[in-house]
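Naming convention: chains lettered A, B, ... in sequence-line order (proteins, then strands); numbering from 1 in each chain.
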2 protein chains.
Amino acid sequence: MLGAAAQSFSLFGYKATTMEQVAKIANVGKGTIYTFFDTKEQLFDEILHGVISEMKTIIEREVDHRKPFFDNLFRVLDSLLEFRGEHELLIKLSQEVRDFGTPQSQEAMSRVEGVILGYMEKEVRFAVEQHEIRECDPSVVAFLMLKMYVALTSEWNKQHQETLTKAEIRQHFRLFLEEGLSVK
Amino acid sequence: MLGAAAQSFSLFGYKATTMEQVAKIANVGKGTIYTFFDTKEQLFDEILHGVISEMKTIIEREVDHRKPFFDNLFRVLDSLLEFRGEHELLIKLSQEVRDFGTPQSQEAMSRVEGVILGYMEKEVRFAVEQHEIRECDPSVVAFLMLKMYVALTSEWNKQHQETLTKAEIRQHFRLFLEEGLSVK
DNA sequence: CTTATGACTGAAATTGAAAATTGGTCAGTT
DNA sequence: AACTGACCAATTTTCAATTTCAGTCATAAG
């Protein structure tokens with residue numbers, strides 16, 4: 001039932017999956033869905049919540065506070081990028097945002113982003129407390145880090161043919177965030 | 001004539017200005033316009049070229065190679081942001097990109113961005129040669145700088161109510177680009 | 001009784017054909 | 001020679017008819 005819905009949302013996006021469709025895949029009548037979920041939106045939220053939980057699990061698995069802050073940061077961002085690239089639902093939803101701007105898919109993607117920002121903010125705050133990085137406003141710094149990461153990993157490719165390698169991305173990230181541009 | 005067109009494009013955007021409209025403002029017949037310009041698009045390009053020239057003038061006026069790289073950078077970016085905020089045409093065009101995605105306005109905005117990137121890339125390259133900043137890939141660094149600047153000056157405000165002050169923006173910019181996050 | 005169902009409903013989206021708009025032309029006017 | 005606006009083809013807009021779909025509920029099944 002939840003599986004059927006997940007399958008349909010992943011295959012067709014939010015807008016293009018119908019409750020009839022979900023019912024057929026789940027082998028139940030349409031009315032039955034409404035004994036478990038109040039609305040299409042609530043059903044969708046349930047699925048999304050699952051995906052977000054997976055993301056949180058990934059984050060927890062990758063973070064190791066015995067390792068340096070930047071190591072953790074790279075590892076988590078790489079894993080999340082890969083996760084996103086593999087998960088049909090997230091791919092479909094970001095297409096839907098681009099092509100139709102469906103409010104529900106926009107909201108979903110911004111919740112996903114919120115989770116990532118939340119993790120990053122927490123880690124930045126922790127690193128500051130550990131005096132591993134300078135004093136700073138964690139929410140602004142997390143926001144900027146994510147923007148930079150997205151700029152390097154996807155926006156660059158839209159205007160330039162040769163995509164940056166993982167090593168180049170990491171190198172630029174380090175140059176900016178860790179060391180700064182000024183000469184020693 | 002060019003003035004009439006500029007006025008109309010600034011007031012209504014690319015899509016919503018008609019050649020009839022321009023002709024009326026300019027007090028000429030529609031046909032007359034076509035003795036000076038081949039198409040609507042070419043007329044528009046002429047106007048845009050003027051705006052871009054103004055931008056280049058601003059850049060040249062603000063850059064002073066006797067001053068430090070980051071001083072120049074801030075001064076130019078601030079001036080350009082202000083210029084953009086005052087120029088009806090650029091405001092209208094970016095609205096049009098957001099609301100309709102008109103190809104001509106998209107192309108126009110990306111040409112404007114290209115000019116800014118071009119300037120930044122040149123300045124980064126110069127600063128590297130002067131050993132004022134580290135060795136780096138000027139095009140990637142310019143790209144990231146602009147992304148960061150836009151993130152701080154406009155994208156932050158979309159998700160957070162309290163806009164960052166000019167001082168905060170400058171401070172974060174410095175933190176990231178100049179000094180880096182790692183403790184000394 | 002409880003649980004499941006699919007025909008049904010009103011609201012919203014889609015379609016398509018007619019009407020209006022508009023970039024560009026050119027025969028005629030000045 | 002310079003200018004003009006009626007005109008044309010193509011695109012865009014309009015809007016009513018049709019279709020789709022989330023959610024309901026009377027009925028059926030267990």
**Message:** Determine whether Glu121(B) and Arg125(B) satisfy the following criterion, salt bridge (charged side-chain N to carboxylate O under 4.0 Å, His left out), listing intermediate values before the conclusion.
**Reply:** CA-CA 6 Å; Glu121(B) 193 175 325; Arg125(B) 185 165 283 121; 3.6 Å; yes
**Asked** Are Thr102(B) and Glu96(B) close enough that a side-chain donor and a side-chain acceptor fall under 3.5 Å?
**Response** yes
Report the relative orientation of the aromatic rings in [X] and [Y]; use parallel for angles under 30°, tilted for 30 to 60°, perpendicular for over 60°.
| X | Y | result |
| --- | --- | --- |
| Tyr149(A) | Phe173(A) | perpendicular |
| Trp156(B) | His160(B) | parallel |
| Tyr14(A) | Phe44(A) | perpendicular |

Given atom [atom1] of [X] and atom [atom2] of [N], what is their separation to the nearest angstrom?
| X | N | atom1 | atom2 | answer |
| --- | --- | --- | --- | --- |
| Phe12(B) | dT22(C) | CZ | P | 11 Å |
| Ile33(B) | dA2(D) | CD1 | P | 17 Å |
| Gln42(B) | dG23(C) | CD | P | 15 Å |
| Met1(A) | dT5(C) | CE | C1' | 13 Å |
| Phe100(B) | dT13(D) | CZ | C1' | 13 Å |

**Message:** Return whichever of Asn27(A) or Thr32(B) has its heavy-atom-nearest nucleotide of DNA chain C closer to the 5' end.
**Reply:** Asn27(A)
**Message:** Which residue is it: Gln130(B), Glu132(B), Glu123(B)? I am looking for the one with a side-chain hydrogen bond (donor to acceptor under 3.5 Å, both in side chains) to His65(B).
**Reply:** Glu123(B)
N/O-N/O pairs, protein side and nucleotides 28-30 of chain D side, under 3.5 Å:
none

**Item:** Ring center gap for Phe83(A) and His87(A) short of 6.0 angstrom
**Value:** yes
**Asked** Just to confirm, is there a sub-4.0 Å distance from OP1 or OP2 of dA2(D) to any side-chain nitrogen or oxygen of Thr35(B)?
**Response** no
**Item:** Nearest heavy-atom neighbours spanning Ile116(B) and Leu80(B)
**Value:** CG1-CD1, 3.9 Å
Atom pairs, N/O to N/O, protein against nucleotides 20-24 of chain D, distance under 3.5 Å?
unit_1	atom_1	unit_2	atom_2	d
dA22(D)	OP1	Thr17(A)	O	3.3
dA22(D)	OP1	Lys40(A)	NZ	3.1
dA22(D)	OP2	Met19(A)	N	2.8
dA22(D)	N7	Lys30(A)	NZ	3.2
dG23(D)	OP2	Tyr34(A)	OH	3.3
dG23(D)	OP2	Lys40(A)	N	2.6
dG23(D)	N7	Lys30(A)	NZ	3.2
dG23(D)	O6	Lys30(A)	NZ	2.2

